[in-house]
2 protein chains.
Amino acid sequence: MGISKTEIFTAQQNEIALFAKAFGHPARVAILQHLFKIDTCVCGDLVNEIGLAQPTISQHLKELKNLGLIQGSVEGTRVCYCIDPGNWTKMKQILSEFLNQDVSIKKDCC
Amino acid sequence: MGISKTEIFTAQQNEIALFAKAFGHPARVAILQHLFKIDTCVCGDLVNEIGLAQPTISQHLKELKNLGLIQGSVEGTRVCYCIDPGNWTKMKQILSEFLNQDVSIKKDCC
DNA sequence: TTACTTCATTGCAATATTACGATGAATCAA
DNA sequence: TTGATTCATCGTAATATTGCAATGAAGTAA
C-alpha cells in the first residue's frame, strides 16, 4: 500500500534499506559526488551544478542531512554543506557488510 | 512529480541509483540475505520466511531479477531462485567505487 | 480427465516520492 | 530603514511504490 511493513524486518535490514534509499535517486548521488569532488564545503552552488530547481535540491539535501550523511552550516546568507565523515564511514561499513556477502557458486544451483 | 529527471544525470549516476533502489526496501534486503544464507537455491519458501503475501514477494523477486541480481529457474511447479554471481560482483564494484570515495577532512570545513 | 500445488499476473487502494512555483525567514549592503 | 540574496518551507500536482485479493498459467498426481 505504498507503506513498507518495517515492523516485520530486523533493525539491520531496515537500516540497510534506509541508507540504500538515500542513494536511490541520481540527484542525491550527484550531490554527494560533488561534495566529494570539491575539497572544501559547497555553498549552495548545487542548484547550478545539478539541473534541478532550488526547492528540489533543498529537499534532497534535507534527506541526506536527516540521515546524517551530510552537514550544513549557515554562513551569512549562504549555507555550506559537506560530507559527515564519521557517519559516512558508519554507513559504508553497514552497506559493505551486506554487499560483501560471499557468492559461493554451487553445483546443483539454477 | 514522482518522476525522476534521469536525463540530466550521467549513466553512472543513474546506474548507482538503480542498484541502490533495489536495496532500498527491507523485503528485498531480506530476500537477498536469505538467498546468501541458504547454500542451495530457494524454492519459494520466501513467503514463509518473510512475512509478506505471495504476490508481494513475487513482485520484489521480479524487480531483483530485472536488475539481474538474481536468477530464477522453473523446477516443476516450483521456481528456484539464487544470486547471479557475475552481476552481483559487477553491482558491488559499481557501488563500492561510489561508497569508497575518500573523506578528506579539511580544516576550514563546516 | 480432475484436483492440487506453486508461482506469476492483474487490478486496485493506500501511501510515498519527486518536482516546482510561491512564499517565508534570515542575513547583508546601502 | 529598503532592497537584494540565499536558502527553507509550504502547497500542490504528477508519478512511483507497496501490498494484497482475485485470478490465471503451468505443472504434478490421482
Side-chain angles (χ1 to χ4, degrees), chain A residues 1-9 13-14 17-32 34-35 41-67 70-82 110, chain B residues 1-9 13-14 16-31 34-35 41-67 70-82 110:
Chain A
M1 317 183 173
I3 188 172
S4 300
K5 288 196 163 180
T6 55
E7 71 275 8
I8 66 172
F9 301 105
Q13 287 164 343
N14 283 315
L18 272 182
F19 280 129
K21 208 188 286 184
F23 309 135
H25 194 285
R28 291 190 290 268
V29 171
I31 287 172
L32 290 165
H34 193 245
L35 291 183
C41 284
V42 162
C43 291
D45 50 354
L46 285 163
V47 176
N48 300 323
E49 198 67 30
I50 304 169
L52 293 172
Q54 180 265 323
T56 308
I57 298 290
S58 197
Q59 202 170 330
H60 285 304
L61 287 169
K62 191 180 176 183
E63 288 180 58
L64 293 172
K65 210 162 67 176
N66 284 344
L67 274 172
I70 65 172
Q71 301 170 332
S73 62
V74 180
E75 235 164 80
T77 58
R78 329 199 74 196
V79 178
C80 292
Y81 288 100
C82 61
C110 307
Chain B
M1 316 185 175
I3 189 172
S4 300
K5 287 195 162 180
T6 55
E7 71 276 7
I8 67 173
F9 301 104
Q13 287 164 343
N14 283 315
I16 291 171
L18 272 182
F19 280 129
K21 207 186 287 184
F23 308 136
H25 193 287
R28 291 189 290 269
V29 171
I31 287 172
H34 192 245
L35 290 183
C41 285
V42 162
C43 289
D45 50 353
L46 286 164
V47 176
N48 299 323
E49 197 67 29
I50 304 170
L52 293 172
Q54 180 266 324
T56 308
I57 298 290
S58 196
Q59 203 171 329
H60 286 304
L61 287 169
K62 192 180 177 182
E63 289 180 57
L64 293 172
K65 210 162 67 176
N66 285 343
L67 273 172
I70 65 173
Q71 301 171 332
S73 63
V74 179
E75 237 165 77
T77 57
R78 331 197 74 195
V79 178
C80 293
Y81 288 100
C82 61
C110 307

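Convention: sequence-line order gives letters A, B, ...; per-chain numbering from 1.
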So which one's nearest nucleotide on DNA chain D is more toward 5', T6(A) or P55(A)?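 Here P55(A) is the residue nearer the 5' end.
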Can you tell me how far [atom2] of [N] sits from [atom1] of [X], to the nearest Å?
{"X": "I31(A)", "N": "dC7(D)", "atom1": "CD1", "atom2": "C1'", "value": "14 Å"}
{"X": "H60(A)", "N": "dT17(C)", "atom1": "NE2", "atom2": "C1'", "value": "9 Å"}
{"X": "K65(A)", "N": "dC7(D)", "atom1": "NZ", "atom2": "C1'", "value": "10 Å"}
{"X": "I57(B)", "N": "dT6(C)", "atom1": "CD1", "atom2": "C1'", "value": "14 Å"}
{"X": "Q59(A)", "N": "dA19(C)", "atom1": "CD", "atom2": "P", "value": "9 Å"}
{"X": "L61(A)", "N": "dT18(C)", "atom1": "CG", "atom2": "C1'", "value": "15 Å"}
{"X": "E7(B)", "N": "dT18(C)", "atom1": "CD", "atom2": "P", "value": "15 Å"}
{"X": "L64(A)", "N": "dA8(D)", "atom1": "CG", "atom2": "C1'", "value": "15 Å"}

OP1, OP2 of dT9(D) versus side-chain N and O of K62(A): anything below 4.0 Å?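 It does, given that an N or O in the side chain of K62(A) lies less than 4.0 Å from OP1 or OP2 of dT9(D).
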dT18(C), dC20(D), dT9(D): which one has an atom nearest the side-chain heavy atoms of T56(B)?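 Ranking dT18(C), dC20(D), dT9(D) by closest atom to the T56(B) side chain puts dC20(D) first.
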Under 3.5 Å, side-chain donor or acceptor atoms of residues 20-28 of chain B against the rest of the protein: list the pairs with distances, not counting sequence neighbours.
from: H25(B); atom 1: ND1; to: A27(B); atom 2: N; distance (Å): 2.9
from: H25(B); atom 1: NE2; to: S4(A); atom 2: OG; distance (Å): 3.1
from: R28(B); atom 1: NE; to: A22(B); atom 2: O; distance (Å): 2.8
from: R28(B); atom 1: NH1; to: H60(B); atom 2: ND1; distance (Å): 3.0
from: R28(B); atom 1: NH1; to: E63(B); atom 2: OE1; distance (Å): 3.2
from: R28(B); atom 1: NH1; to: E63(B); atom 2: OE2; distance (Å): 3.4
from: R28(B); atom 1: NH2; to: K21(B); atom 2: O; distance (Å): 3.2

Evaluate the pair C43(B), C80(B) and indicate whether the two SG atoms are within a distance below 2.5 Å.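 Looking at C80(B) and C43(B), their sulfur gamma atoms lie closer than 2.5 Å, so the answer is yes.
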DNA chain C-proximal residues of residues 43-54 of chain B, any heavy atom under 4.0 Å: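 Within residues 43-54 of chain B, the residues near DNA chain C are C43(B), G44(B), Q54(B).
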Within residues 21-28 of chain A, which residues have any heavy atom lying less than 4.0 Å from an atom of DNA chain C?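 The answer is K21(A), H25(A), R28(A).
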Quick one: closest heavy-atom pair of L35(A) and Y81(A), and the distance?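 Nearest heavy atoms, L35(A) then Y81(A): CD2-O, 3.7 Å.
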Which atom of T6(B) lies closest to which atom of N14(B), heavy atoms considered: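 Smallest interatomic distance, heavy atoms only, reads O-ND2, 3.0 Å.
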Could you give me the stems involving DNA chain C, meaning stretches of three or more consecutive Watson-Crick or G-U wobble pairs whose two defining distances are both below 3.5 Å?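 As far as DNA chain C goes, consecutive pairing (with distances under 3.5 Å) yields the stems C:1-30 with D:1-30.
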Pairs under 3.5 Å (N/O, protein and nucleotides 27-30 of chain C):
none

Tell me which donor-acceptor pairs under 3.5 Å the side chains of residues 44-57 of chain B have, and how far apart each pair is, sequence neighbours excluded?
none

